[in-house]
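Just so it is clear, the structure is predicted and the values come from calculations on it, not from any experiment.
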Amino acid sequence: MTQIAVFETVAAMRAKVAAWHEAGEKVALVPTMGALHQGHIALVKEAQRHARRVITSIFVNPTQFAPHEDFKKYPRTFDQDCAMLAEAQADAVFFPQVEEMYPPGFATRILLLGPAAVGLDDRFRPTHFEGVATVCCKLFTQSQADCAVFGEKDYQQLKVVTRMAADLDLGIEIVPLATFREPDGLAMSSRNRYLSAEHRALAPLLHKVMQELAARLRNRDDLFKAVTEAQGEIISAGFELDYLEARHAESLAPVTSLADGPIRLLVAARIGGTRLIDNIAV
Ligand code: AMP
């Protein structure tokens, strides 16, 4: 099996990155929580287009999970992840333990406004983005990477992290990448493995409804009516819908017509205890 370098400490990662920078090589970071799938590998491939060296971080970040969420049962498949990253010719894995990221006494959080406070995922996961931003800020400064690649799959997260990196002058470029999907349209996610066969068969409906809604909006259908009907379709299929909304693609502010665009459709829905999110451009 091909091996890949694994750094468990910030110091070890920094020493390697310093050597790469010394040699004039750019470094890209791909932050993940592991349980890797082809969507993550697509991020690594994109990172390789932007930098000679690619580090993938694997860290199930406790501060972005609420107490009732799936932190403990989140899938951990480290050996398989490393094999996939070696195969993709990534250069290194940063795999810190919780104590390396949050030593005793750790007491800092990043306060977020703008795209983090628009009533989408932030409404249903009120402390989620401050956890994401805190860990991403740490990963960026720890790694000293030149750029970091994030998936559009987590669209609000992408906007939050991009805003934070610019606002805090973190000196890192945030590179977005389109959502990687299963052949039936379901957005790949580490959480898809929680789905029963029955719910897995139902899950692609989310993307299908979003595609149909986007087509209706492009054809100038009434936005409120079209969105309400799409919401109804998802609920009738058996999902518990957190939200399905049309928002401004950059600010994530509510929109009332196509003229308020560019528009992004965003959805979060639960089925059998698994929460799925997706989004699509109009
Ligand atoms: P996660 O490990 O799920 O927290 O995600 C790590 C990174 O992978 C984030 O930037 C996600 O947006 C991205 N990602 C997750 N699933 C996909 C996908 N299906 N397509 C593209 N990027 C993805």
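For R163, the salt bridge (charged side-chain N to carboxylate O under 4.0 Å, His left out) criterion is met by D167, not counting sequence neighbours. In this view, R220 satisfies the salt bridge (charged side-chain N to carboxylate O under 4.0 Å, His left out) rule with no residue, not counting sequence neighbours.
With respect to D278, the salt bridge (charged side-chain N to carboxylate O under 4.0 Å, His left out) criterion is satisfied by exactly one of K208, R181, K153: R181. Applying the side chain to side chain contact (heavy atoms under 4.5 Å, CB included) test between E182 and each of H37, Q38, M188 identifies M188 as the sole match.
With salt bridges taken as basic N to acidic carboxylate O contacts below 4.0 Å, one links D184 and R200. Using a cutoff of 4.0 Å between basic side-chain nitrogens and carboxylate oxygens, R76 and D81 are not scored as salt-bridged. Using a cut-off of 4.0 Å between Lys/Arg side-chain N and Asp/Glu carboxylate O, D154 and K159 are scored as not salt-bridged. Taking a cutoff of 4.0 Å between a charged side-chain nitrogen and a carboxylate oxygen, E229 and K225 qualify as a salt bridge. Under 4.0 Å is where a charged nitrogen must lie from a carboxylate oxygen, and between R53 and D91 at least one such pair does.
When the shell of 6.0 Å around NZ of K26 is examined, it contains 12 or fewer heavy atoms from other residues, nucleotides or ligands. The neighbour count for Q89 CD, taken as heavy atoms of other residues, nucleotides or ligands under 6.0 Å away, does not exceed 12. By the neighbour-count criterion of 12 heavy atoms within 6.0 Å, atom NZ of K16 is sparsely surrounded, having that number or fewer from other residues, nucleotides or ligands. The number of heavy-atom neighbours closer than 6.0 Å to CD of E69, taken from other residues, nucleotides and ligands shown, is above 12.
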Contacts table for residues 94-115: side-chain donor-acceptor under 3.5 angstrom, sequence neighbours left out:
{"from": "E100", "atom 1": "OE2", "to": "V10", "atom 2": "N", "distance (Å)": "2.8"}
{"from": "Y102", "atom 1": "OH", "to": "N61", "atom 2": "OD1", "distance (Å)": "2.6"}
{"from": "Y102", "atom 1": "OH", "to": "T63", "atom 2": "OG1", "distance (Å)": "3.0"}

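Taking OG1 of T274 as the reference point, atom CG of N192 lies at 8.5 Å (rounded to 0.5 Å).
A donor and an acceptor atom, one from each side chain of D122 and Q156, are located under 3.5 Å apart.
In plain terms, the two heavy atoms of L158 and G151 that are nearest each other are CB-O, 4.2 Å. The minimum heavy-atom distance between A230 and L213, with the atom names listed, is CB-CD2, 3.9 Å.
The cluster map of Ile, Leu, Val, Met, Phe, Trp and Tyr, joined by side-chain heavy atoms under 4.5 Å apart, puts I58 and V44 in the same cluster.
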